[in-house]
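Everything below concerns the one structure shown next.
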Amino acid sequence: MKPKDIFVKDMVVPSPTSVQNENVQHIDLPIVDLACERSMVIKQIVKASEEFGFFNVINHDVPHEIIAKMEEAGFDFFAKPVDQKKVAMAAGDSFGYGSKNIGINGDMGEVEYLLFNASVPAIAQLSKTISNVPSNLRSSVSAYTDAVRKLACEILELMAEGIGVPNKFCFSRFIKEVDSDSLLRLNHYPHNITNNNNNNKGCNHTKVGFGEHSDPQILTILRSNDVGGLQISLQDGVWNPVIPDPSAFCVNVGDLLEVMTNGRFLSVRHRVVTHSYKKKCRMSMAYFGAPPLHACIIAPPIMVTQERPSLFRPFTWSEYKKVTYSLRLGDSRINLFRNCTQVQCKRQVWNEEFIFEQ
Ligand SMILES: C=C1C[C@]23C[C@@]1(O)CC[C@H]2[C@@]12CC[C@H](O)[C@@](C)(C(=O)O1)[C@H]2[C@@H]3C(=O)O
Ligand SMILES: O=C(O)CCC(=O)C(=O)O
Ligand SMILES: [Fe+2]
């Protein structure tokens, strides 16, 4: 290996903070109306998960007060002075408050966040460090995670039914487990207002709030206020903005669900951008439904056929999580777990030789 290669490998390259001249194309996200007839809902969910990996759920039964209380608690927290927020700063694990740094591998964004493990004891513990009235925060966060977990289970059960898996609980059972590794993340994106001097009058500065990535878990249930910024990428290099709907939940397929449907449902890359013309901050609340660490992730037999052989090797969530956290935000993790087809194998050997010879 040349000295140059060692240097490049060890250097942490910061993520780009500005977004320029990108191909942005507006689309309408599929809508899943939970008030429709069950078979209709199932069809809507399956089609959206196959074609978009993302959909908006309307007419859900998560009570408005539970959402409003969680949102209020989030805004109250982010409105605190920085030194008070820093008391809840993420330490060894990544839970708690963070600002600009996403993960521990050098990713940055115009975002501040609060990350909770979604278990009852973990919520109680973090609430103590964050709030002067921990019991209020704890009850808002617990009520919200409880309600969105139920919604996630309902959607996962409809999905299982829709693709013909005999046990309709085969996906939802993971996030129902007491030791499920689910998370709740509040993201707050500041205004990004630039100095309005003569040089940049009329300019729209777009910055990266949360860089592009796929969600590693099973299913994400996202709710935001009415400020946009979320974009999904259905085609490499093309970004599709998602119109925010505070009365809906924006649901997306995570990497593990792509694996467990043997590639039938898509875990789609997405990101958040901030615009200088916006007068309000975006705040989103994302529930990431995950299995327990020891859970084995494998597609049920019905998803694997001769025409559609198994795309991924079995692994545990612990294994997948370890790889995820060792990589950058934008790195693809799912590809590292693909079964080696003959063509891929040849390419891998060729790549290894190529790297070795350099
Ligand atoms: C850079 C990183 C942050 C992240 C862990 C990772 O190493 C790669 C995946 C990132 C992500 C994206 C979706 C969720 O926001 C998140 C909580 C997750 O599970 O994976 C974050 C991780 C994080 O912020 O700790
Ligand atoms: O803030 C958002 O709207 C999306 C954030 C996100 O993708 C994430 O936290 O994984
Ligand atoms: Fe995400």
Side-chain angles (χ1 to χ4, degrees), residues 12-15 29 53-54 56 71 74 78 89-118 148 175 180-190 207-233 239-246 248-257 266-275 278 281-291 293 317-318 320-334 336:
V12 174
V13 184
S15 17
L29 217 55
F54 266 81
N56 267 331
E71 184 173 40
F78 291 119
M89 202 89 174
D93 54 22
S94 49
F95 298 118
Y97 175 69
S99 174
K100 300 210 168 164
N101 290 307
I102 301 171
I104 51 161
N105 301 319
D107 290 285
M108 309 279 281
E110 292 298 310
V111 64
E112 52 176 352
Y113 62 85
L114 248 184
L115 188 58
F116 292 85
N117 174 298
V148 287
I175 63 175
S180 122
D181 194 32
S182 302
L183 306 174
L184 179 73
R185 173 177 206 132
L186 307 190
N187 290 317
H188 182 247
Y189 301 91
K207 289 187 176 173
V208 177
F210 204 113
E212 75 171 279
H213 65 282
S214 66
D215 292 343
Q217 295 83 359
I218 301 176
L219 197 73
T220 305
I221 311 281
L222 182 86
R223 192 267 177 190
S224 80
N225 63 352
D226 59 355
V227 180
L230 177 64
Q231 301 184 333
I232 70 173
S233 177
W239 287 101
N240 312 109
V242 171
I243 297 163
D245 178 356
F249 282 100
C250 181
V251 175
N252 67 280
V253 172
D255 295 350
L256 297 190
L257 192 55
L266 303 174
S267 173
V268 164
R269 290 169 82 77
H270 53 283
R271 68 177 186 182
V272 177
V273 297
T274 63
H275 299 286
K278 293 259 165 74
C281 294
R282 173 182 174 84
M283 190 172 79
S284 69
M285 317 195 284
Y287 169 81
F288 302 98
L293 286 171
W317 167 235
S318 157
Y320 198 80
K321 195 175 167 186
K322 206 162 151 196
V323 167
T324 295
Y325 280 77
S326 70
L327 294 173
R328 296 292 294 265
L329 182 61
D331 290 338
S332 166
R333 309 163 274 272
I334 200 167
L336 303 176

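One-based numbering, in listed order, for ligands and for the atoms of each.
Numbered from 1 in the order shown, with element, the atoms of ligand 1 that lie under 4.0 Å from a heavy atom of Ile102 read 1 (C), 3 (C), 24 (O). Short contacts between ligand 1 and Asn105, defined as distances under 4.0 Å to a heavy atom of the residue, involve ligand atoms 7 (O). Every atom of ligand 1 with a heavy atom of Phe210 under 4.0 Å away is listed here by number and element: 15 (O).
Checking Gln217, Arg185, Lys321, His213 against atom 21 (C) of ligand 1, the nearest heavy atom belongs to Arg185. Distances from atom 9 (C) of ligand 1 to the heavy atoms of Asp215, Asp107, Thr324 put Thr324 nearest.
Arg185 meets the salt bridge (Lys or Arg N to Asp or Glu O under 4.0 Å) test with no other residue; sequence neighbours excluded. By the side chain to side chain donor-acceptor pair (under 3.5 Å) test, Asn105 pairs with no residue at all, sequence neighbours left out.
Rounding to the nearest 0.5 angstrom, the gap separating the OH atom in Tyr287 from the CZ atom in Phe116 is 14.5 Å. Annotation: the span from Thr220 atom OG1 to Asn252 atom CG amounts to 4.0 Å, rounded to 0.5 Å. Note: Met283 CE to Arg223 CZ = 7.5 Å, rounded to the nearest 0.5 Å. Atom CG of Leu256 sits about 12.5 Å away from atom CZ of Phe288, to the nearest 0.5 Å. Rounding to the nearest 0.5 Å places CG of Asn187 at 11.0 Å from CE of Met285. Interatomic distance, Leu266 CG to Ser214 OG, rounded to the nearest 0.5 Å: 11.5 Å.
Between Leu327 and ligand 1, at least one N/O pair is under 3.5 Å apart.
Atom 14 (C) of ligand 1 has its closest protein heavy atom at Phe288 CZ, 3.6 Å. In this structure, the protein non-hydrogen atom closest to atom 22 (C) of ligand 1 is Tyr325 OH, 3.7 Å. In terms of protein heavy-atom proximity, atom 10 (C) of ligand 1 is closest to Leu329 CD1, 3.7 Å. Given atom 3 (C) of ligand 1, the protein heavy atom at minimum distance is Gly103 CA, 3.7 Å.
The set of protein atoms (N, O or S) found at less than 2.8 Å from the Fe ion (ligand 3) reads His213 NE2, Asp215 OD1, His270 NE2, by chain and number.
A donor-acceptor distance shorter than 3.5 angstrom exists from the side chain of His270 to the backbone of Val268, with no hydrogens or angles considered. Within the 3.5 Å criterion, the main-chain N or O of Gly211 finds a donor-acceptor partner in the side chain of His213.
Here Leu183 has side-chain heavy atoms under 4.0 Å from ligand 1, and that is the only part of it that gets that close. With a 4.0 Å heavy-atom cut-off, ligand 1 is reached by the side chain of Pro216 but not by its N, CA, C or O.
Here the rule is side chain to side chain contact (heavy atoms under 4.5 Å, CB included) with Gln217, and of Leu183, Asp181, Leu257 only Leu183 fits it.
Across all non-hydrogen atoms, the minimal contact from Leu230 to Phe54 is CD2-CE2, 4.3 Å. Contact record, Ala290 with Ser182: N-OG, 2.9 Å, taken as the closest heavy-atom pair. Counting all heavy atoms, side chain and backbone alike, Asn225 lies closest to Pro246 at C-CG, 3.8 Å. Taking every heavy atom of both residues into account, Ser224 and Arg282 meet most closely at OG-NH1, 3.4 Å.
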What does the contact table look like for ligand 2 (nitrogen or oxygen on each side, cut-off under 3.5 Å)?
from	atom 1	to	atom 2	distance (Å)
ligand 2	1 (O)	Asn187	ND2	3.4
ligand 2	1 (O)	Tyr189	OH	2.5
ligand 2	1 (O)	Ser284	OG	2.6
ligand 2	3 (O)	Arg282	NE	3.3
ligand 2	3 (O)	Arg282	NH2	2.6
ligand 2	7 (O)	His213	NE2	3.2
ligand 2	7 (O)	His270	NE2	3.1
ligand 2	9 (O)	Asn187	ND2	3.1
ligand 2	10 (O)	His213	NE2	3.0
ligand 2	10 (O)	Asp215	OD1	3.3

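Aromatic ring pairs are classed by plane angle as parallel below 30°, tilted from 30° to 60° and perpendicular above 60°; the pair Tyr320 and Trp317 is parallel.
Heavy atoms of Arg333 come nearer than 4.0 angstrom to ligand 1 in at least one pair.
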